[in-house]
Peer 1: 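Take a look at this one; I'll ask things after.
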There are 2 protein chains.
Amino acid sequence: MSSPSLDELTTALKCLPGVGQKSAQRMALHLLERDQDGARRIARALATALDSVRHCQRCRNFSDSDVCDICSDGGRDQGTLCVVETPADVLAVESSAAYQGRYFVLLGRLSPLDGYGPGQLGLDELEQQLSEGNTRELILATSATVEGDITAQYIADFAARHSVKSSRLARGIPLGGELEFVDSGTLSRALSGRQQMD
Amino acid sequence: MSSPSLDELTTALKCLPGVGQKSAQRMALHLLERDQDGARRIARALATALDSVRHCQRCRNFSDSDVCDICSDGGRDQGTLCVVETPADVLAVESSAAYQGRYFVLLGRLSPLDGYGPGQLGLDELEQQLSEGNTRELILATSATVEGDITAQYIADFAARHSVKSSRLARGIPLGGELEFVDSGTLSRALSGRQQMD
């Protein structure tokens, strides 16, 4: 490009997920040509977020304070703890509006090849919470993958040692799923997990 | 979200073209979870670009200095001036590597409804350059749209008054275009502009 600082902006924008050279270039030109206020706002929001976002001391989700809003909300069910892999998963469960308990964010899943063992998943903090004795049930909402399953099993064993029962999200046909297009693995789980009709 | 500064970052990222709520959320979480260095780099690059990028005094393209690298490059043909609508168009022509002259960026096109008249297109600066007498030919590389055509015609008339000849990019079938899938307007232009074979 004709301007080194525009070049650097384009390269920097490629740090965003799913953004390649062409999109980054389009974004850089758009911000400078048509939305300098937007550019200022992004720069300011990034600086603020980097400065003030930390992990909640109880659930490890992102938070601006030491304990996040969900953990400090006394109106939520203190007896159930939903264990998820990432902060994005918390947003997904929250948007279902079907859960009123607390969360625990692993920030990863057991994956020895990637260097993710029990130490990285904050199981010490989880143990601390289970030993407080308020928790009746762990809902294991890890991914429906091999690694997610292994992580869930590991945590379920761990919870059993603290006499806390664990449950796992139901597997089956997604809402609106047409049988013809559902993969065989999902169908097999849906069959084995079939439920009695009232 | 559980953090107001993460919320604000998500909202700010929606200023990027083609980025909606879901993508912005994914970008914000990605930057904070996995690429804080990238986030710092974007914030810094935005601040630098906002601070140092301006319009070249000769061609109106983006530049870090008063006169851009292309305009101050004595090795380029000073006699031809390629007139384009946006800085992105300069990049497109440059990437073709088929042009060695200078540029003039209109930063828009004639569009009375959007409030774009001759005054916004920098035609005073263009007139200044034409009156210097170095320019032999204007290559009008505006869009192949009604507004682009009107803009090109307006500038061609204007150049004629300064005894500078104008040319227009060829219209026809794009490289790799299969006749079956070419629209009728393009085909009609390709027929009327057919060229003698050697």
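So you know, we letter chains A, B, ... as the sequences are listed, proteins then strands, and number each from 1.
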Peer 1: Report yes or no: do B:I155 and B:L169 belong to one cluster of Ile/Leu/Val/Met/Phe/Trp/Tyr joined by side chain heavy-atom distances under 4.5 Å?
Peer 2: no
Peer 1: Evaluate whether atom CD of A:E132 has more than 12 neighbouring non-hydrogen atoms of other residues, nucleotides or ligands under 6.0 angstrom away.
Peer 2: yes
Peer 1: Determine, using the 4.5 Å side-chain heavy-atom cutoff (strictly less than), whether A:L121 and A:L140 are members of one ILVMFWY cluster.
Peer 2: yes
Peer 1: Relative to chain B, which segment of A:E33 carries a heavy atom at a distance below 4.5 Å: side chain, backbone, both, or neither?
Peer 2: both
Peer 1: Using every non-hydrogen atom in the two residues, find where B:L9 and A:A49 come nearest and quote the distance to one decimal.
Peer 2: CD2-CB, 4.0 Å
Peer 1: Indicate the atoms forming the closest heavy-atom contact of A:H30 with B:C15, along with that distance.
Peer 2: NE2-O, 3.7 Å
Peer 1: Would you say that more than 12 heavy atoms from the other residues, nucleotides or ligands in this model lie under 6.0 Å from the OH of B:Y99, or not?
Peer 2: yes
Peer 1: Using only atom types and a distance under 3.5 Å, with no angle test, would you say the side chain of B:D35 pairs donor to acceptor with the backbone of A:L16?
Peer 2: no
Peer 1: As an exercise, state the distance from CE of B:M27 to CG of A:L13, rounded to the nearest 0.5 Å.
Peer 2: 8.5 Å
Peer 1: Could you give the distance from NE2 (B:H55) to CG (A:L32), rounded to the nearest 0.5 Å?
Peer 2: 8.5 Å
Peer 1: Between B:A39, B:S63, B:A88, who has the most heavy-atom pairs with chain A when the cutoff is under 4.5 Å?
Peer 2: B:A39
Peer 1: For A:V19, which atoms come within 4.5 Å of any heavy atom of chain B: side chain, backbone, both, or neither?
Peer 2: side chain
Peer 1: Is there a side chain to side chain contact (heavy atoms under 4.5 Å, CB included) between B:L46 and A:R40 once you walk through the steps?
Peer 2: CA-CA 7 Å; B:L46 278 169; A:R40 252 172 239 115; over 6 Å; no
Peer 1: Out of A:R44, A:K14, A:Q36, which one racks up the most heavy-atom pairs below 4.5 Å with chain B?
Peer 2: A:Q36
Peer 1: Assess the residue pair A:L50 and B:L31 against the criterion (side chain to side chain contact (heavy atoms under 4.5 Å, CB included)); give the C-alpha distance rounded to whole Å, side-chain angles, the decisive distance to 0.1 Å, and a yes or no.
Peer 2: CA-CA 9 Å; A:L50 283 167; B:L31 288 176; over 6 Å; no
Peer 1: According to a 4.5 Å side-chain heavy-atom criterion applied to Ile, Leu, Val, Met, Phe, Trp and Tyr, with indirect links allowed, do A:I70 and A:F62 form part of one hydrophobic cluster?
Peer 2: no
Peer 1: Just checking B:F158: does its CZ atom have more than 12 heavy atoms from other residues, nucleotides or ligands closer to it than 6.0 angstrom?
Peer 2: yes
Peer 1: Name the residue from B:D51, B:D64, B:T48 that meets the side-chain hydrogen bond (donor to acceptor under 3.5 Å, both in side chains) definition with A:S5.
Peer 2: B:D64
Peer 1: Surrounding CZ of A:R189 (heavy atoms of other residues, nucleotides or ligands, distance under 6.0 Å), is the total greater than 12?
Peer 2: no
Peer 1: Answer yes if A:L107 and A:V53 sit in the same cluster of Ile, Leu, Val, Met, Phe, Trp and Tyr residues linked by side chain heavy atoms under 4.5 Å apart, and no otherwise.
Peer 2: no
